[in-house]
Protein chains: 2
Amino acid sequence: MGPPKVKNVESAVMAKGEAKPIAATTAKSGAKSRPLTRIQREKQDIILEAALDVFSMHGFRGSTIDQIAEVAGMSKPNLLYYFPRKEEIHRRLISALLVTWLAPLREMDAAGDPFPEIRSYIRRKLEMARDFPRESRLFANEMLQGAPRIIEMIEVDLKNLVDEKADVLLTWMDQGKIARTDPYHLIFSIWATTQHYADFDVQVRAVLGPARGGEGRFEDAARYLEHLFLYGLTPRQPVTVK
Amino acid sequence: MGPPKVKNVESAVMAKGEAKPIAATTAKSGAKSRPLTRIQREKQDIILEAALDVFSMHGFRGSTIDQIAEVAGMSKPNLLYYFPRKEEIHRRLISALLVTWLAPLREMDAAGDPFPEIRSYIRRKLEMARDFPRESRLFANEMLQGAPRIIEMIEVDLKNLVDEKADVLLTWMDQGKIARTDPYHLIFSIWATTQHYADFDVQVRAVLGPARGGEGRFEDAARYLEHLFLYGLTPRQPVTVK
DNA sequence: CTAACATTTTTCCAACTGGTCAAAATTCTT
DNA sequence: AAGAATTTTGACCAGTTGGAAAAATGTTAG
């Protein structure tokens, strides 16, 4: 697991308005949308980067445009030139996030072998927790607030994806390839255990202490989680427990 | 698992100042502290209740005194009569929380049988996620923000407790009573999987849908988690996995 | 080089923020 | 019931917030 450290929060390019203000993300109507200038592309990226920093720590309401502008190294009105609304920045981050975030689950292949598939799903999720902790926290923050801005996406896109993958898991269970348990809660537990290392990072570090809280903690976590899920999923007769 | 639905966020009584303002929580110096009046006790509880609602959703920075006052059904100045500082309310909630929150782990007894002990720890944590979701979210919010207000408690009290319990787990592993894995990450995974049902409640409900997302979801979760951890911890030879 | 456009800065605003204060209203004690 | 203490209210304040407007400055295609 080598840290890729990708930047660019979002590369999908958006439309630009007519004269002064850069149009809202959704290119509605027949608004002729000129391609973004170099400066626009650069500055939008810088702003989104800065906003990710701030929003992921303080949530939407707890973050201010001033803060974001400062991190981005520009003045507030200047920032507002690129994103006329605070909400707009947040929405861009969130929607870019959801795509990335669900990619690993999407990759879980019904045609593959169950254990390798599940194991590599866990591994990928853990890598994301390590390499994109801010994205994880942004998502967590949104959840804590009741997901006001993404509830529909959760209820539709996410739900559909999970339904589909739960079916895959069920098939594997039917074939006796993995233990029979609740596929939904299985997915939840993978999310929970992996994202924990991003969302509760402070706690994890503090508890592990300087000796074990270094970068190695992700290796340890990967090893542990593999063991937990592997032996918890191996089909066999229950062992007698005193 | 019957829902207890306890109220009273905090029962620990605090000192009151001389004439006008109710003294800060910390009863320092020789400030003669009259016992709290009935009204003071009642109103403080109402305020803390309301503050828990608000802080747990929006975090410290994202919450306003006005908001809390409105939920509490009183005017802002009136609220400030009881808690002169916004931080004071938050601190009271957090410190009351930490005690409650760690109780289940504290109860894990080295003298007991490993599996029953671990199983009932998981069960208790899950019950807390079900019965005190706001407390869970308050904690999560604080973590996401880097735990600025409780980092010392995490680094000292929490760390010590976890160190102690990790030792207990290690002993059990040495005795061959549970599988040998990383005890710290084991504890993390219990925290993560159980608290997930409070912190990501919206997501869990949305994904499970109306049919399975009702109150029964905690039963299902309990069953699933028991299976996951039980078979994941049963000491035995690794099964060959294709 | 320059007009047309893009970007940045300056100034400003109304609403909201945490918090103060004195006066008014209520409750408690005797 | 009266006086003292407690509780509540209304008016107010300085700093912050999201955002508007326009002037000033830069950039670039022809």
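Just so we're on the same page: letters track the sequence lines, and every chain starts at 1.
Note on B:Gln40: every side-chain N or O is 4.0 Å or more away from OP1 and OP2 of D:dT6. Between A:Arg61 and C:dT17, a side-chain N or O to OP1/OP2 separation shorter than 4.0 Å is present. Taking only side-chain nitrogens and oxygens, A:Tyr82 comes nearer than 4.0 Å to OP1 or OP2 of C:dT8. In terms of phosphate contacts, B:Asn78 brings no side-chain nitrogen or oxygen within less than 4.0 Å of OP1 or OP2 of D:dT7. Of the side-chain N and O atoms in B:Tyr81, one or more sit less than 4.0 angstrom from OP1 or OP2 of D:dT7. For B:Arg85, no side-chain nitrogen or oxygen approaches OP1 or OP2 of C:dG18 to under 4.0 Å. An OP1 or OP2 oxygen of C:dA6 is reached within less than 4.0 angstrom by no side-chain nitrogen or oxygen of A:Arg41.
Within the nucleic acid shown, A:Ser75 comes within 4.0 Å of at least one base atom, counting heavy atoms only. At the heavy-atom level, B:Leu80 lies under 4.0 Å from base atoms of the strands shown. Across all strands, B:Lys43 comes closer than 4.0 Å only to sugar-phosphate atoms, never to a base (heavy-atom distances).
Atom C1' of nucleotide D:dG18 and atom CD1 of A:Ile68 are separated by 11 Å, given to the nearest angstrom. Here the P atom of nucleotide C:dT20 and the CG atom of B:Leu79 are 13 Å apart, to the nearest Å. Rounded to whole angstrom, the span from the CG atom of B:Asp66 across to the P atom of C:dG19 amounts to 11 Å. Rounded to an integer number of Å, the gap from A:Glu42 CD to C:dT7 P is 10 Å. Distance B:Ile89 CD1 to C:dG18 C1': 11 Å, rounded to the nearest Å. Look at CD on A:Gln67: it is 16 Å from P on C:dT17, rounded to the nearest Å. Remark: P of C:dG18 and CD1 of B:Ile65 are 5 Å apart, rounded to the nearest angstrom. Spacing between atom NE2 of B:His90 and atom P of C:dT17 amounts to 17 Å, rounded to whole angstrom units.
Listed for the A:Lys86 side chain is a donor-acceptor partner under 3.5 Å among the backbone atoms of A:Ser63. Under the 3.5 Å distance criterion, the side-chain polar atoms of B:Arg217 are matched with a main-chain donor or acceptor of B:Gly214.
Annotation: ring pair (Phe, Tyr, Trp, His ring centres under 6.0 Å) contacts of B:Phe60 (sequence neighbours excluded): B:Phe55, B:His90.
Which of D:dA11, C:dT11, D:dG18 sits closest to the side chain of A:Pro77 comes down to C:dT11.
Residue pairs meeting the salt bridge (charged side-chain N to carboxylate O under 4.0 Å, His left out) criterion with at least one partner in residues 182-192 of chain B, sequence neighbours excluded, are A:Arg212-B:Asp182.
Checked against the 6.0 Å centroid threshold, B:His185 and A:Tyr197 count as a close aromatic pair.
With hydrogens and angles left out, the side chain of B:Lys86 and the base of C:dG19 share no donor-acceptor pair within 3.5 Å.
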